[in-house]
There are 2 protein chains.
Amino acid sequence: MLGAPNRDRNAERREATRAEIIEAAWDVAREHGLAQVTLREVARRVGMQAPSLYSHFASKHAIYDAMFAQAWGDYRRVVEEATPPEHPRAAMRYFVRVWFDFTTADLARHQLMNQRTIPGFVPTPEAYSPAVEVLEGLRARLARFGVTRDEDVDLCTAVFSGLADAQLANDPGGDRWGRLVDRTADMLSDNLGLPALEQS
Amino acid sequence: MLGAPNRDRNAERREATRAEIIEAAWDVAREHGLAQVTLREVARRVGMQAPSLYSHFASKHAIYDAMFAQAWGDYRRVVEEATPPEHPRAAMRYFVRVWFDFTTADLARHQLMNQRTIPGFVPTPEAYSPAVEVLEGLRARLARFGVTRDEDVDLCTAVFSGLADAQLANDPGGDRWGRLVDRTADMLSDNLGLPALEQS
DNA sequence: GTCTATAGTTTGATAGAC
DNA sequence: GTCTATCAAACTATAGAC
């Protein structure tokens, strides 16, 4: 009898090709804009003809979908691997900072993650699930500080993204709103009634 | 000699046609999305053939440009005609409310005013000027309350738009973030050190 | 799995008659 | 100022050979 190999080299290469395509799509998005991603250009960069992409993705939207999932998956990993400070106020600063830095680092990624800029594109539930988990993670972390009401969490998310949006929209590549991260976090902490930092 | 007429009926009708075209474009944008506005569909609604639009606008972007100018002009008018409350804290609530209601009332308009969702479209300086004036107006009004530093104004604008963005992105047509308008305004007032409302 | 060839569609814009 | 006719281009997607 033939022993079943414990690695599927075909599947591995297939997955590698998919990753290559997605990476090329990100490159195009960053250089020319998210909506300007074309199959021809993506294919050109991976050394294929456009129709060959259909061996790996069912449609162009499927590529966007994979990019969406990857982006939110990356952010989830960033959040999960990091260890926020113990103190609630310090943690709040940390949450805002991590979100701000991640979001403002890549405009195309921000547009895909947080805006509906691609006509007709709606992420599939599977692609969307990392985003849901991120929000649940935030909810859980805030709950440890006694922040449990939906409206409190909603206030946080709105203020978080407002800051990053303003930075990208009005001063891309700059620091004008980045300088307000700590202050904004403290403002939220005040409003939520988080305990003051002990002074020594 | 011929007396010069004091009304140019041709110019008036021309202007009326332009307005009609812009209105049709808004209708399409609201029904199908801002990026899905096509000259054919706009023309159809005003009873023209697509090429006829070029008698009134030099390009499709010129239509977007006029829409952009109109949207910010409308908001400027709303802000200028309104009389905010005297008290700083009440005024802050008022500012946020006006912005929130105007922005969330029309997603397509919001995308055109505040996001860069149309590939390649950049508003002309003339179209942009109402937006600048709105910001200057806010700056002036905040200055009356002693809020003069750029970073204070930046904080306000970021929080304002964050709230409206969250509403449109996560609960369009709903009220989940609308309920946070007053609270958010108060949070800003606290942070800016605005005087407390006198209690009776 | 990649290719060539091409279908099929949509779109912005121009030329020129009236 | 509006029309018809048409261009020119771009794009996604499919069919079928290899």
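Naming: A, B, ... by sequence-line order, numbering from 1 per chain. Predicted model only: the values in this text are computed from it and were never measured.
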Checklist entry - Just wondering, are more than 12 heavy atoms of other shown residues or ligands nearer than 6.0 Å to CD in B:E12? => result yes

Q.
Strictly below 4.0 Å, N to O, side chains only: are A:R30 and A:E23 in salt-bridge contact?
A. yes

Given atom [atom1] of [X] and atom [atom2] of [N], what is their separation to the nearest angstrom?
X      : N      : atom1 : atom2 : result
B:I118 : C:dG12 : CD1   : P     : 11 Å
A:I21  : C:dG1  : CD1   : P     : 11 Å
A:Q49  : C:dC3  : CD    : P     : 5 Å

Residues forming a side-chain hydrogen bond (donor to acceptor under 3.5 Å, both in side chains) with [X], sequence neighbours excluded:
X      : answer
A:D182 : none
B:E41  : B:R44, B:R45
A:R183 : B:D152, B:N191

In numerical order, the residues of residues 8-18 of chain B whose heavy atoms come under 4.0 Å of DNA chain D are B:R14

Within residues 25-45 of chain A, those residues having any heavy atom closer than 4.0 Å to DNA chain D are A:V37, A:T38, A:L39, A:R40

Do side-chain atoms of A:Y64 reach the backbone of A:L34 as a donor and acceptor pair under 3.5 angstrom? yes

Backbone N or O of B:G137 within a donor-acceptor pair of the B:E133 side chain at under 3.5 Å? no

One would report the end-axis bend of the helix from C:dG1-D:dC18 to C:dC18-D:dG1, five pairs per end and rounded to 10 degrees, as 0°

Report the residues that fulfil side chain to side chain contact (heavy atoms under 4.5 Å, CB included) with [X], sequence neighbours left out, ordered by chain and then residue number.
X      : result
A:A185 : A:M92, A:R93, A:V96
B:A90  : B:P85, B:H87
A:D190 : A:R89

| Ring centres of B:Y128 and B:W72 under 6.0 Å apart? | no

For B:V122, the other hydrophobic cluster members (4.5 Å side-chain criterion, sorted by chain and number) are none

The complete set of ring-ring contact (aromatic ring centres under 6.0 Å, His included) pairs with one or both residues in residues 11-61 of chain B, sequence neighbours excluded, reads B:H61-B:F121

Winner on side-chain proximity to A:P51, out of C:dA13, D:dT2, D:dA15, is D:dA15

Within residues 53-66 of chain A, those residues having any heavy atom closer than 4.0 Å to DNA chain C are A:S55, A:H56

Margin query: Base, sugar-phosphate or nothing for A:G47? Non-hydrogen atoms, less than 4.0 Å.
Written below: sugar-phosphate

Self-check item: N or O in side chain of A:S52 less than 4.0 angstrom from C:dC3 OP1/OP2
Solution: yes

